Undergrad: 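What follows is a single structure, and I will ask about it in a moment.
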Amino acid sequence: MNSFHDKRGVLHAEDVPLPAIAEVLGTPTYVYSQATLERHFRVLSDAFRSADTLLCYSVKACSNLAILSLFAQAGSGFDIVSGGELARVKQAGGDPKRVVFSGVGKTDDELRQALKAGILMFNVESGEELHRLDAVARSLRKRAPFSIRVNPDVDPKTHKYIATGLKTSKFGVPFEDAMALYEQSRRLPGLLARGVDCHIGSQLTEASPVREAVEKVAGFYVALKGQGLPVTHLDVGGGLGITYTKEQPPSVTEYAKAVLEPLRGLEVRLVLEPGRVLVGNAAVLLTRALYRKESSGKRFLVVDAGMNDLLRPALYEAHHDIRPVRPRRGKTTVQDIVGPVCESTDVLGASRALPPIEQGDLLAIMSAGAYGMSMASTYNSRPRPAEVLVAADGWRVVRQRERFEDLWRGETT
Ligand SMILES: *Cc1c(COP(=O)(O)O)cnc(C)c1O
């Protein structure tokens, strides 16, 4: 479901023709659709309406302030993984009382910042972290609300680089160890057990691993209550996949069933940490064709966006559809669409059949909203792209293209 479509032979974001944006701002540029972002948030909220649910948008998927602000206004909480993300949430007007803090490597400073901000809970990933949290909270004369991120050991059936809930992953704690940690927490005055947490992976395209994980975690939650621990929250993480090309992830309704059915009859506040499903299909990366070349019978199209702008293809072998913004008539040819970065993995699309492309033509790299700009770097001293938000009343720049001076900010000769 998205708002990028062809109108009279030109790709539009909502009612805005993409060439209009490229003419003013140049390329590469990320273009987001506000209608898509809002619709995704609404559809997901509606699917969970029958339960007491808090959606905590996973900031790392796309952390632009305008997008955080949009979700904050829609009532979202936030799932953060660093002090920087907490600062962004506050800057965007998000409510710290609706923030959950995930991640395996929180520093003392980050724990302190989050305690001072009064976040909803820390999703703790190890025994040592739990003890640090206790110590930092005591030094501030506070009690830190926490959940242990348990590792339900289910196979999420996703790419191995984004599976996080297997026994062998660095994330989470096995159930047996988690129970011992909750027991210990009773004797640690800086801690307050608030819930249980899990997150099994990303770009999930099947509902069954979700159901299996929720069943296991719900069983554990009941066991904790049975032991008299004051838990009230069950955080089932994020991970729902989207369609990049031919994937058929569960619908939001099917996903909600997989989460809610195992919780039937349980008194609990449900927390979700959706990232990709909210933003993935809400943006394209606009780029321009620079050169065509051929080498040993292989054709390449060199464009002005590279792996520093959109890392997913190079990092996870991810597929993004690539569409000419104004498709020309003519025979299609198969080619690799590559960026200018000096790395062989800088291939944005391998073996793609495209209609004729001329120098200067615009292309849209589709489904670029999640883990796109948030993973962009300045490798090869390439300034990061501009970001644009399209809405019903037009479009606006929500992040300016970096300038050369931004590249060396903080450096000295
Ligand atoms: C990245 C992450 C998410 C969001 O994952 P999506 O696949 O984008 O929904 C949620 N929770 C945690 C702990 C994460 O690390």
Side-chain angles (χ1 to χ4, degrees), residues 37 40-41 43-44 47-48 54-63 67-68 71 76-82 84-86 89 98-106 110 114 119-126 129 146-152 156-166 169-173 195-207 209-210 213-214 217 233-244 247 249-250 252 255-256 258-259 270-283 311-312 315-316 318 367-375:
L37 292 163
H40 287 179
F41 188 84
V43 168
L44 192 61
F48 284 90
L54 175 63
L55 294 193
C56 290
Y57 167 61
S58 179
V59 173
K60 73 181 191 289
C62 180
S63 40
I67 285 164
L68 300 183
F71 286 138
S76 188
F78 296 93
D79 169 43
I80 60 167
V81 293
S82 70
E85 287 191 348
L86 176 59
V89 167
R98 292 170 164 243
V99 165
V100 298
F101 194 167
S102 304
V104 294
K106 306 175 191 80
E110 289 176 320
I119 68 165
L120 175 62
M121 64 187 179
F122 293 83
N123 288 340
V124 169
E125 303 225 16
S126 65
E129 182 191 337
F146 75 93
S147 287
I148 304 277
R149 175 166 172 180
V150 291
N151 194 329
K157 305 191 175 100
T158 183
H159 194 287
K160 62 179 185 298
Y161 293 171
I162 47 180
T164 57
L166 286 168
S169 110
K170 74 170 178 180
F171 299 100
V173 174
V196 187
D197 169 50
C198 75
H199 172 69
I200 61 171
S202 199
Q203 184 54 13
L204 307 175
T205 51
E206 292 182 39
V210 173
V214 175
V217 175
H233 287 62
L234 203 153
D235 182 341
V236 301
L240 180 56
I242 63 168
T243 303
Y244 284 98
E247 304 89 334
V252 165
Y255 174 73
V259 172
L270 178 64
V271 178
L272 303 175
E273 302 170 350
R276 188 187 315 269
V277 69
L278 293 179
V279 295
N281 279 321
L311 185 59
R312 300 188 66 255
L315 184 64
Y316 320 115
S367 310
Y371 308 101
M373 184 61 177
S374 61
M375 282 192 178

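Only a predicted model underlies this, so the values are computations on that prediction, with no experimental measurement involved. Order of appearance sets the numbers: ligands from 1, and atoms from 1 within every ligand.
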Undergrad: Taking distance alone, with N or O pairs closer than 3.5 Å, would you say Ser102 contacts ligand 1?
TA: no
Undergrad: In terms of residue, atom name and distance, what is the protein heavy atom nearest to atom 15 (O) of ligand 1?
TA: Lys60 NZ, 2.6 Å
Undergrad: At under 4.0 Å between heavy atoms, which part of Asn123 makes contact with ligand 1: side chain, backbone, both or neither?
TA: neither
Undergrad: Rounded to the nearest 0.5 Å, what's the gap from NZ on Lys106 to CG on Asn123? Could you check?
TA: 6.5 Å
Undergrad: State, yes or no, whether a side-chain contact exists between Leu278 and Leu37 at a heavy-atom distance under 4.5 Å.
TA: no
Undergrad: Would you check if the side chain of Ser58 reaches a backbone N or O of Ala61 as a donor-acceptor pair within less than 3.5 Å?
TA: no
Undergrad: Hey, which atoms in ligand 1 end up nearer than 4.0 Å to a heavy atom of Arg149?
TA: 13 (C)
Undergrad: Does the side chain of Tyr57 come within less than 4.5 Å of Leu68's, by heavy atoms?
TA: yes
Undergrad: By number and element, which atoms of ligand 1 are closer than 4.0 Å to a non-hydrogen atom of Arg276?
TA: 6 (P), 8 (O), 9 (O)
Undergrad: Measuring from non-hydrogen atoms of Asp79 to any atom of ligand 1, is the shortest distance under 4.0 Å?
TA: yes
Undergrad: If only atom types and distance count, is the side chain of Arg149 paired as donor or acceptor with the main-chain N or O of His199 below 3.5 Å?
TA: yes
Undergrad: Return a yes/no value for Leu240: is any of its N or O atoms, backbone included, closer than 3.5 angstrom to an N or O of ligand 1?
TA: no
Undergrad: Among all protein heavy atoms, pick the one closest to atom 7 (O) of ligand 1 and tell me residue, atom and distance.
TA: Ser202 OG, 2.3 Å
Undergrad: Check contact between Tyr371 and ligand 1, using heavy atoms of the residue and a distance below 4.0 angstrom.
TA: yes
Undergrad: Report yes if some N/O of Glu273 lies less than 3.5 Å from some N/O of ligand 1; otherwise report no.
TA: yes
Undergrad: Hey, are the side chains of Val277 and Tyr255 touching, using non-hydrogen atoms and a 4.5 Å cut-off?
TA: no
Undergrad: side-chain contact (heavy atoms from CB on, under 4.5 Å) between Phe71 and Val279: does it pass, once the steps are laid out?
TA: CA-CA 11 Å; Phe71 286 138; Val279 295; 3.8 Å; yes
Undergrad: Look at Glu85 together with Lys60 and state whether they make a salt bridge at an N to O cut-off of under 4.0 Å.
TA: no
Undergrad: Quick one: does Phe122's side chain get under 4.5 Å of Glu110's, heavy atoms only?
TA: no
Undergrad: Run the numbers for me: atoms of ligand 1, each under 4.0 Å from some heavy atom of Gly238, listed by number.
TA: 9 (O), 10 (C)
Undergrad: Are any of the N/O atoms in Gly239 less than 3.5 Å from those in ligand 1?
TA: yes
Undergrad: If you measure every N or O of Ser58 against every N or O of ligand 1, does any of those distances drop under 3.5 Å?
TA: no
